[in-house]
Chemist: 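A single structure is presented below for examination.
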Amino acid sequence: MERKNVIDIERVDAYRWRLKRHGAMRTDGLVFASAGMFESIRKEESLQQVANVACLPGIVGPSMAMPDIHWGYGFPIGGVAAFDMDEGIVSPGGVGYDINCGVRLMTSRLSRSELGDERIKDLVNTLFQNIPSGVGSSRKDLKLSPAELKKVLRDGAGWALSQGFGTPADLERIEEGGTIPWADPEKVSEKALERGRSQLGTLGSGNHFVEVGMVEEIFDTEVARVFGLFEGQVTVFVHTGSRGLGHQVCDDFIRLLLKSTKKYGIELPDKQLCCAPVESAEGRDYIAAMGAAANFAFANRQLITHWVRESFESFFGLSAERLGLSVLYDVCHNMAKIETHRFEGRERKLCVHRKGATRAFAAGLPQVPEIYRQVGQPVLIPGDMGRCSYVLVGTPGAMEETFGSTCHGAGRVLSRHQALKAAQGRSIARELESHGIYVRGATRATLDEEMPEAYKDVSDVVEVVHQAGISRKVARLKPLGVMKG
DNA sequence: ATGTAC
């Protein structure tokens, strides 16, 4: 007979739920959610995953989950966990298959009134022509030599710049400046390199997208001003990651770390949590390869930015200066990083895993670009294609409680399979068009799987992190036209 | 997320 662990849950306050340490757990679990959201979360497998992560060696602070939590490989998506450098581990399952999946937001000098309804369709179609999308998509015009690909893996968005794609101002507005310095392309397998070679500059599939939208409401005028946001402004979101290359890196290291888990005598409640000590040879190799895959993703978003700009310029017949498509910021959603945090009164160097979670550093920190340092790091939270998205800002609350982390999106409520079923006999594209949103997907199935009702309402998710003080609302954006991979 | 299992 299979028996599930009974998790002892305590409501801390309106937005926090503690999973009390028991059994093999080395620390508590902490879930950020409203009472309404927690009703469904408490029945999910993902809650057990929060408890499982708490069993890993060297965990510092609680095993955390953001309100967009849902089931993932080993670690929950929406999970945040920090580990001690000496006693702790690094785990590919704590990062996810799409290494440095992330989003970038561009702002423009265009206002909504300059973009008629009919033109949005044509604009999305133009983007579709210029940016390859879908599973296995590739760019015939950008097949890199093995040596050039290694430069991409070493320099990230910096490589894209060296090739004429973008400006120095872009780099400044990317997490880590668009280049993970500890990346080592030599730790990436031949198979991963081969998969990535023709995929740079492609969108991919699933929840990846390019979205033309507008700023609908400003909540914080001072921060919005620093971020360059104004009501009615046309914006562009780019959501993509490291494609087949990152997927292969994850696959390779799960295979390897399954062995090192045994080698280092680590006991796991779930094999999918396979890991290695942070400072072991295997752990270091994974971190170096993950960094290389992250750089591929940074370069990918930078190239797509370039083609978005080109598409806008040709479509509107306006100059780059007039369009003013500038990068507001670019965040990682799936990463593990070595960071120094103040914890229980002392500075500690930690390996912070964010899987479907966003770094949300507060004002004053050196990692926040100088242009934003007085207010804090921009936090970009895309919602589903039918509702809205948010720009938030990092807070001291996040530094104190979540190792400078917050949510990353809406979070699924329906599995892909369930969504396909729910979409039967309907046209998701037509339903969205009746709400004034033009969507075009690589396949019909993509739109069905990504239907708005497959996701939680991102406004509910954002409200939780705002009220809990681990980031603060700056603006809400509304989608106008979406290109789905 | 993903040459959606080699």
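Chain identifiers are assigned alphabetically (A, B, ...) following the order of the sequence lines, protein sequences preceding nucleic acid strands; residue numbering begins at 1 within each chain. Bear in mind the structure is a predicted one, so any value in this text is a computation, not a measurement.
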Chemist: Under 3.5 Å, is there a donor on one side chain and an acceptor on the other for A/Tyr15 and A/Glu463?
Modeler: no
Chemist: I'd like to know if A/Asp460 and A/Lys456 make a salt bridge, using a cut-off of under 4.0 Å between side-chain N and carboxylate O.
Modeler: no
Chemist: So what does A/Gly206 hit on the nucleic acid, given a heavy-atom distance under 4.0 Å: a base, only sugar-phosphate, or nothing?
Modeler: sugar-phosphate
Chemist: Where each residue is assigned the nucleotide of DNA chain B containing its nearest heavy atom, which of A/Val135 and A/His208 is assigned the position nearer the 5′ end?
Modeler: A/His208
Chemist: Base, sugar-phosphate alone, or nothing: which one does A/Ser242 contact when heavy atoms must sit under 4.0 Å apart?
Modeler: nothing
Chemist: Just the rounded figure in Å: distance from P of B/dA5 to CD1 of A/Ile254.
Modeler: 14 Å
Chemist: Which residue is it: A/His333, A/His208, A/Arg243, A/His247? I am looking for the one with a side chain to side chain donor-acceptor pair (under 3.5 Å) to A/Asp98.
Modeler: A/His208
Chemist: Please determine whether a side-chain nitrogen of the Lys or Arg among A/Arg354 and A/Glu339 lies less than 4.0 Å from a carboxylate oxygen of the Asp or Glu.
Modeler: yes
Chemist: Rounded to whole angstrom units, what separation is found between the CG atom of A/Leu203 and the P atom of B/dT2?
Modeler: 9 Å
Chemist: Using heavy-atom distances to pick each residue's nearest nucleotide on DNA chain B, tell me which of A/Tyr97 and A/Glu449 is more 5'.
Modeler: A/Tyr97
Chemist: Given atom CZ of A/Arg255 and atom C1' of B/dA5, what is their separation to the nearest angstrom?
Modeler: 11 Å
Chemist: Using whole Å, what does the distance between atom C1' of nucleotide B/dA5 and atom NZ of A/Lys191 come to?
Modeler: 11 Å
Chemist: Using whole Å, what does the distance between atom P of nucleotide B/dA5 and atom CG of A/Asp251 come to?
Modeler: 11 Å
Chemist: Please state how far atom CZ in A/Arg243 lies from atom P in B/dT2, giving the value in whole angstrom units.
Modeler: 5 Å
Chemist: A/His417 has an atom NE2; how far is it from atom P of B/dT4, in whole Å?
Modeler: 18 Å
Chemist: If I take atom NE2 in residue A/His247 and atom P in nucleotide B/dC6, what distance separates them, rounded to the nearest angstrom?
Modeler: 9 Å
